[in-house]
Amino acid sequence: MKKYIVANWKSYKNTTQTTTWLNHWPRQQELQEKLAGLEVILAPSYPLLAAAALAIQERRLSLQLAVQDVSAFGAGAFTGEVAVENLVGLGVSYAIVGHSERRRLLSETPQLIADKVAEALRGEMRPILCMDQSDLAEQARFLSSKLREQCIVAYEPVTAIGSGRAQDPSDLLQIRDVVRQHFHSSPLLYGGSVNADNIASYLKVCDGVLVGTASVDRQDFFDLLYAAI
Ligand code: PGA
């Protein structure tokens, strides 16, 4: 199975910076073959999606797009929300849902997050369900088993996010058992201070990584990819 590398750009970058970042994506044949073992997913903020989709299409890059959030409501009178209907035609294949920053800064509840997972699936996007506590079952308690099965689980301990204090990779073996119990065969990603120096150790124990800080600068991210292949 391919390893997932998710680049979560959070609220960084504008359209020009997005296009520049993608125009520098390496295209050498040899590298492309190595990258074929990875599912690289770019999650820019909403206004950057169209520019990213265009650059990916024009340069035929092996990159998938994700949104960083999705509205729990469909199209309608929901000012400021981005519904799955608004995303049609942008080539978005994945949706990050329940990121720790949204759970904590925007008080997103497990019920709201479950509704977002259902919406992502309705919009034909695979949910990347983030959880920032080791009690995954508690944070996912409103998700039916049918919804759980379709999620990619991203375990991102709150203390590891953006802190430079990544979780010890050996701790993930226990998390993997919990995922098997509650999410069956869902892939498990790790997130929290992943960089070029530590990515290889995470890829040995889980199915991929969610990268914030080290995905913003192009060179940092390419270094990370080279370390992953
Ligand atoms: P970080 O962020 O890599 O900067 O720790 C990860 C995330 O928030 O998804």
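Whatever order the structure lists them in is the order used to number ligands and atoms, beginning at 1. Quantities reported herein were computed from a predicted structural model and do not represent experimental measurements.
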State the atoms of ligand 1, each with its element, that fall below the 4.0 Å cut-off from a heavy-atom position in [X].
X: K10; value: 2 (O), 7 (C), 8 (O)
X: G162; value: 1 (P), 4 (O), 5 (O)
X: G192; value: 5 (O)
X: L210; value: 9 (O)
X: I161; value: 2 (O), 5 (O), 8 (O)

When the side chains of residues 77-85 are checked against the rest of the protein, which donor-acceptor pairs come out under 3.5 Å, sequence neighbours left out?
residue, atom, partner, partner atom, Å
E81, OE1, S71, OG, 3.0
E85, OE1, A75, N, 3.2
E85, OE1, R122, NH2, 3.4
E85, OE2, R122, NH1, 3.1
E85, OE2, R122, NH2, 3.0

What orientation do W25 and F221 show, parallel under 30°, tilted 30 to 60°, or perpendicular over 60°? tilted
State if [X] counts as touching ligand 1 under the rule of any non-hydrogen atom under 4.0 Å.
X: S193; value: yes
X: G191; value: no
X: A160; value: yes

What protein heavy atom sits nearest [atom], and how far off is it?
atom: atom 4 (O) of ligand 1; answer: T213 OG1, 2.4 Å
atom: atom 9 (O) of ligand 1; answer: E156 OE2, 2.8 Å
atom: atom 3 (O) of ligand 1; answer: G212 N, 2.8 Å

If hydrophobic residues (ILVMFWY) are linked whenever their side-chain heavy atoms come closer than 4.5 Å, directly or via other members, who joins V216 in its cluster?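 Members other than V216 - counting any ILVMFWY side chain reachable under 4.5 Å - are Y12.
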Starting at [atom1] of [X], measure out to [atom2] of [Y] and round the result to the nearest 0.5 Å.
X: R218; Y: N23; atom1: CZ; atom2: CG; result: 9.5 Å
X: E39; Y: M1; atom1: CD; atom2: CE; result: 10.5 Å
X: C130; Y: I152; atom1: SG; atom2: CD1; result: 10.5 Å
X: L173; Y: K204; atom1: CG; atom2: NZ; result: 12.5 Å

Heavy-atom pair of closest approach, residues A66 and P44: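 A66 and P44 have their closest heavy atoms at O-CD, 3.5 Å.
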On a heavy-atom basis, the closest approach of L224 and A214 is CD1-CB, 4.0 Å
Below the 3.5 angstrom mark, is there an N/O of V211, backbone or side chain, next to an N/O of ligand 1?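 Not met; the criterion fails.
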For ligand 1 and S163, I'd like to know whether there is a polar contact (N/O to N/O, distance under 3.5 Å). no
Within the side chain of Y94, is there an N or O that forms a donor-acceptor pair under 3.5 Å with the backbone of I96? no
Hey, is N8 touching ligand 1 through its side chain, its backbone, both or neither, going by heavy atoms under 4.0 Å?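 For N8, only side-chain atoms sit under 4.0 Å from ligand 1.
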How does C130 reach ligand 1, if at all, at less than 4.0 Å between non-hydrogen atoms: by side chain, backbone, both, or neither?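 Answer for C130: neither.
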